[in-house]
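Keep in mind that what you see is a predicted model, and the values were worked out from it rather than measured.
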Number of protein chains: 2
Amino acid sequence: MNQKELAKIAGVSSATISRVINDDPNVKPETKEYVREIIKKYDYVANINARNLRASSSNTVGFLISNFNNPFFIKIYQGIESICRKHGYIVIIGITNERVEEQEKAIDLFLSYQVSGIIGSFVDVDNKILNKLQRLQKNVISLDREFDILDFDTIVIDNEYGGIEQVNYLHSLGHKKIAVIYGKLDSPGKERLNGFEKGMANNGLKSKEEYKICGNYNEPDAYYATIKLLQLKDPPTAIITHNNLMCIGAYKALKDLKINIPDNVSLIGFDNFEFADYLEPGITLIDRPINQMGEMAGEMLFDRLENKYIGETRRIVLPVKLKINKSCNFLTTQ
Amino acid sequence: MNQKELAKIAGVSSATISRVINDDPNVKPETKEYVREIIKKYDYVANINARNLRASSSNTVGFLISNFNNPFFIKIYQGIESICRKHGYIVIIGITNERVEEQEKAIDLFLSYQVSGIIGSFVDVDNKILNKLQRLQKNVISLDREFDILDFDTIVIDNEYGGIEQVNYLHSLGHKKIAVIYGKLDSPGKERLNGFEKGMANNGLKSKEEYKICGNYNEPDAYYATIKLLQLKDPPTAIITHNNLMCIGAYKALKDLKINIPDNVSLIGFDNFEFADYLEPGITLIDRPINQMGEMAGEMLFDRLENKYIGETRRIVLPVKLKINKSCNFLTTQ
DNA sequence: TTCTCTGTTGTATACGTATACAATAGATTA
DNA sequence: TAATCTATTGTATACGTATACAACAGAGAA
């Protein structure tokens with residue numbers, strides 16, 4: 001069923017159908033009502049492909065993520081979705097799995113959909129990707145990641161500060177043997193690690209190579225990293241993790257090894273997660289305003305799309321905050 | 001940049017461009033290679049709206065869910081997405097928030113996108129919705145919910161059995177004062193509650209009205225339901241919850257009330273969740289093969305779409321299993 | 001040579017929509 | 001009355017693609 005067929009049934013022209021659908025004021029009220037009844041009766045829905053083709057745009061926003069393994073992206077998605085819905089836009093999801101090839105495919109998909117804008121946690125950006133993104137003018141928001149080459153609105157958190165604070169807090173409890181399970185060295189990963197090193201240096205602590213293990217931002221790698229750390233001849237008394245999944249991995253490893261947190265080992269996380277407060281012990285961590293991020297990204301994008309903001313690229317750095325719970329303890333003399 | 005423009009640049013016709021994109025064998029290999037270079041050079045991507053319009057189909061699957069608050073749907077989404085990706089299809093998400101009006105909008109959206117099929121956890125289905133769905137022939141999978149009116153492939157779990165097993169287990173531990181926090185009375189909700197009643201009756205237990213509270217499948221309602229239960233003059237010794245979010249709500253309430261699980265109150269859940277094993281105590285629950293459900297739904301759909309299966313409506317009932325952990329204990333004499 | 005066949009490319013068109021423009025009837029004005 | 005204006009509707013078209021069909025050149029056969 002299309003406009004033409006429906007028009008024939010209704011005894012009007014297809015233009016009238018179209019006008020009624022788009023609530024054109026130049027239609028006689030009775031006609032409008034009559035056509036609306038016909039539309040309802042036949043459950044007619046306009047073909048969005050034809051619509052978008054004709055309009056040369058699609059009221060669609062692309063949301064680029066690694067995947068949904070990290071609940072971080074789910075929260076962000078919900079925020080973006082609600083803003084888009086409010087503006088009558090659809091979100092399509094592109095998954096990179098942290099691979100540049102998949103990222104490129106996802107971006108091509110977005111472009112083929114004629115998206116109005118993209119909100120993305122980009123894996124890596126070279127000139128090729130940049131060229132593609134530039135077709136969207138400034139309607140791109142880089143979320144959680146930064147790239148020198150990328151001159152788009154950006155929302156990040158203060159990763160370095162978070163990294164420093166983790167060390168500061170453990171140091172204040174008397175810890176000296178501090179290990180870190182860090183993530184992939186993308187932009188937030190590097191900054192968190194920089195923060196770690198700065199924190200150590202500021203407090204006059206020595207950053208030992210064997211205390212630094214990459215957990216690739218995922219749970220199993222962090223699990224094994226934790227086990228490795230504890231098998232060292234001189235194991236650390238505190239473990240820092242640089243994201244939520246790795247914190248969970250470390251927590252599970254410590255539990256499985258029957259190591260008491262925080263009496264034997266203190267554990268501090270980065271980024272909150274659903275059960276952080278309800279594990280035993282509750283997890284001390286660097287908290288970030290994740291609920292804001294999605295909506296903020298959405299709103300920044302629509303400010304651009306609706307020309308409410310025309311101007312220089314914006315860079316928002318959201319603050320992080322140490323949230324103390326019970327997974328860290330004063331270092332007892334051993 | 002479209003085919004016509006690119007064709008002019010390349011010095012061929014737009015038909016040739018189109019043929020190269022679709023890897024038509026009737027193109028001279030050298031031409032193909034040459035055109036591919038041009039496409040790459042100009043980063044040309046075909047307009048998917050025009051494509052879908054021309055094709056009168058869209059290689060798109062609609063996935064209908066309540067929302068992403070329940071991690072259940074995330075797992076399912078991941079399964080469906082991976083199967084769709086394998087087949088070159090895109091998933092678009094429709095959110096109902098468990099409201100029929102939003103469900104209708106989501107389905108209209110799917111239809112306007114010319115989806116090839118829908119996998120959905122439907123809120124409710126009347127003739128109107130049914131009519132719309134029937135446009136997709138049999139390419140609809142009803143997930144987790146059942147409706148008499150709906151003659152489509154269905155994947156559910158054995159909800160009633162799960163409900164019975166919860167009671168059986170608690171009874172085997174000596175509990176008699178068993179409360180249940182049940183969910184919305186949709187199809188699985190009803191069956192779980194039926195299971196509860198049957199289990200109680202089978203074991204000669206009396207099902208008290210004041211021990212039955214609706215937790216609406218969400219965490220806060222279950223939290224308050226739990227508090228209410230414990231404020232009763234004669235509080236229950238065991239609490240059954242009928243989904244994961246409500247189990248979490250009950251767990252948090254008990255924790256916040258400093259009530260020991262399982263010594264003071266036993267808690268049993270329905271449906272697994274990330275931290276069930278790592279809470280203290282680990283949660284005893286009815287486990288279901290959730291990882292299978294998404295992929296299975298995807299595969300069932302593509303069997304239809306690719307005519308690998310043509311036939312009667314299928315109904316798959318996946319088994320559930322009691323997973324014993326430490327949140328239930330023998331009833332100690334009071 | 002002439003004809004046929006094959007491989008390759010181009011031309012023209014339909015998909016369903018929104019809208020510019022044309023057309024019409026009826027109302028208003030001079 | 002004729003002229004003008006307004007409200008409403010219809011007609012024709014472009015959006016970008018994929019493909020049916022036409023066209024053509026060159027190879028091979030008769």
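Within residues 17-42 of chain B, the residues that have a heavy atom under 4.0 Å from DNA chain D are, in order of number, Ser18(B), Arg19(B), Asn22(B).
In this structure a side-chain-to-backbone donor-acceptor pair under 3.5 Å is present from Tyr309(B) to Glu312(B). Checked by atom type and distance alone, the side chain of Lys32(B) never pairs as donor or acceptor with a backbone atom of Arg19(B) at under 3.5 Å.
Between the side chains of Ser121(B) and Asp144(B), no donor-acceptor pair is found at a separation under 3.5 Å.
For the pair Phe63(A)/Ile76(A), a side-chain contact is recorded, criterion being any heavy-atom separation below 4.5 Å from C-beta on. Residues Leu301(A) and His87(A) have side chains not in contact (no heavy-atom distance under 4.5 Å, counting atoms from C-beta outward).
Remark on DNA chain C: of its neighbouring residues Arg54(A) and Ala50(B), the 5'-side contact belongs to Ala50(B), judged by nearest-heavy-atom nucleotide.
In this structure, Glu104(A) CD and Lys132(A) NZ are separated by 4.0 Å, a value rounded to the nearest 0.5 Å. From Ile118(B), atom CD1 reaches atom CZ of Phe110(B) across 5.5 Å, with rounding to the nearest 0.5 Å.
In 5' to 3' order, the nucleotides of DNA chain C bounding all contacts with chain B (an atom under 4.0 Å from a heavy atom) are dT8(C) to dG16(C).
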*Quick one: do Glu81(A) and Arg85(A) satisfy salt bridge (charged side-chain N to carboxylate O under 4.0 Å, His left out)? Show the steps, please.*
CA-CA 6 Å; Glu81(A) 202 275 337; Arg85(A) 174 187 289 240; 3.3 Å; yes
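Counting non-hydrogen atoms under 4.0 angstrom, Ala15(A) reaches a base of the nucleic acid.
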